[in-house]
Amino acid sequence: MNTKTSQSAQYWLMKSEPDCFSIDDLKRNKVEPWDGIRNYQVRNMIRDDMHIGDHVLFYHSNAKEIGVVGEMKIVSEAYPDPTQFDSKSDHPDPKSKKENPTWLLVDVKFIQKFPRIVTLNELKLDPKLEGMIVTKKGSRLSITPVSKKHFEYVVKLAKA
DNA sequence: GCCAACGTTGGC
DNA sequence: GCCAACGTTGGC
């Protein structure tokens, strides 16, 4: 018997500093390896809980305008992040060994850039989005799970 | 540029 | 295993 059960897609929010990698960069490249994850909690999530076909909100952090700017999709399972072995990359990790890489990444695919940004302030103020992790004070995880309800509501807001 | 809120490191 | 010091994230 096949022990694999078909799982329904999950929903996420992923942060990026637009000065480093923006929604427009993703739109141009179509598919991009989401490298540079150097947090164990986030690594474990992408390794254990993230799968091909999952839906993602693209979030601009550390920017003039902070908030959700578009949508993308996960198009690979987690695999070793090559930048950890590259001393010239932004986040080399000399302690990580090629036989047993510490850091993983997933490939993401551009779906759409929203007609407008849904700002963090807007997310915080909307009672329908209460409990969304990114709105919580001190939330520093670059990837967080989002409920299907919240995801669909944010997309609706972006197009309103 | 400031600083609060974390996460990590390393001495003990 | 504790915890101070340090580094990073990211809103403001």
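Values in this document were obtained by computation on a predicted structure and should not be read as measured data. Each chain gets a letter, A, B and so on, in the order its sequence line appears, and its residues count up from 1.
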Checking contacts here: which listed nucleotide ([options]) is nearest the side-chain heavy atoms of [X]?
| X | options | result |
| --- | --- | --- |
| A:L120 | B:dA5, C:dC12, C:dG10 | C:dC12 |
| A:N62 | B:dT8, C:dG11, B:dG7 | C:dG11 |
| A:S61 | B:dG7, C:dG10, B:dT8 | C:dG10 |
| A:S142 | C:dG11, C:dG10, B:dA4 | C:dG10 |
| A:K124 | C:dC12, B:dG7, C:dG10 | C:dC12 |

Over how many whole Å does the gap from [X] atom [atom1] to [N] atom [atom2] extend?
| X | N | atom1 | atom2 | answer |
| --- | --- | --- | --- | --- |
| A:N39 | C:dT8 | CG | P | 13 Å |
| A:Q41 | C:dT8 | CD | C1' | 15 Å |
| A:I37 | C:dT8 | CD1 | C1' | 16 Å |
| A:E122 | C:dG11 | CD | P | 15 Å |
| A:I133 | C:dT9 | CD1 | P | 19 Å |
| A:D90 | C:dT9 | CG | P | 10 Å |
| A:N121 | C:dG11 | CG | P | 12 Å |
| A:L141 | C:dT9 | CG | P | 12 Å |

**OP:** Output yes when A:K109 and A:E71 qualify as a salt bridge under the 4.0 Å nitrogen-oxygen rule, no when they do not.
**Re:**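 Between A:E71 and A:K109 there is no salt bridge, as every charged N stays at least 4.0 Å from the carboxylate O atoms.
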Original post:
So, are A:R38 and A:D93 salt-bridged, with charged N and O less than 4.0 Å apart?
Top reply: no
Looking only at side-chain N and O atoms, does [X] come under 4.0 Å of OP1 or OP2 in [N]?
| X | N | result |
| --- | --- | --- |
| A:K15 | C:dG10 | yes |
| A:K137 | B:dA5 | yes |
| A:Y59 | C:dG11 | yes |

Original post:
How about A:Y40 and A:W103: are their ring centroids closer than 6.0 Å?
Top reply: yes
Subject >> A:E152 atom CD, neighbour heavy-atom count above 12 within 6.0 Å >> reply: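 Atom CD in A:E152 is crowded, with more than 12 foreign heavy atoms closer than 6.0 Å.
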**OP:** Report, as yes or no, whether the 6.0 Å neighbourhood of atom CD on A:Q41 holds more than 12 heavy atoms from other residues, nucleotides or ligands.
**Re:** no
Original post:
Using a cut-off of 4.0 Å on non-hydrogen atoms, how would the nucleic acid contact of A:K95 be classed: base, sugar-phosphate, or nothing?
Top reply: sugar-phosphate
**OP:** Have a look at A:E17 and say if it touches a base, only the backbone sugar-phosphate, or nothing, with a 4.0 Å heavy-atom cut-off.
**Re:**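 No contact.
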Subject >> Toward the 5' end of DNA chain C, by each residue's nearest nucleotide, A:R140 or A:H60 >> reply: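 Its nearest nucleotide being more 5', the pick is A:R140.
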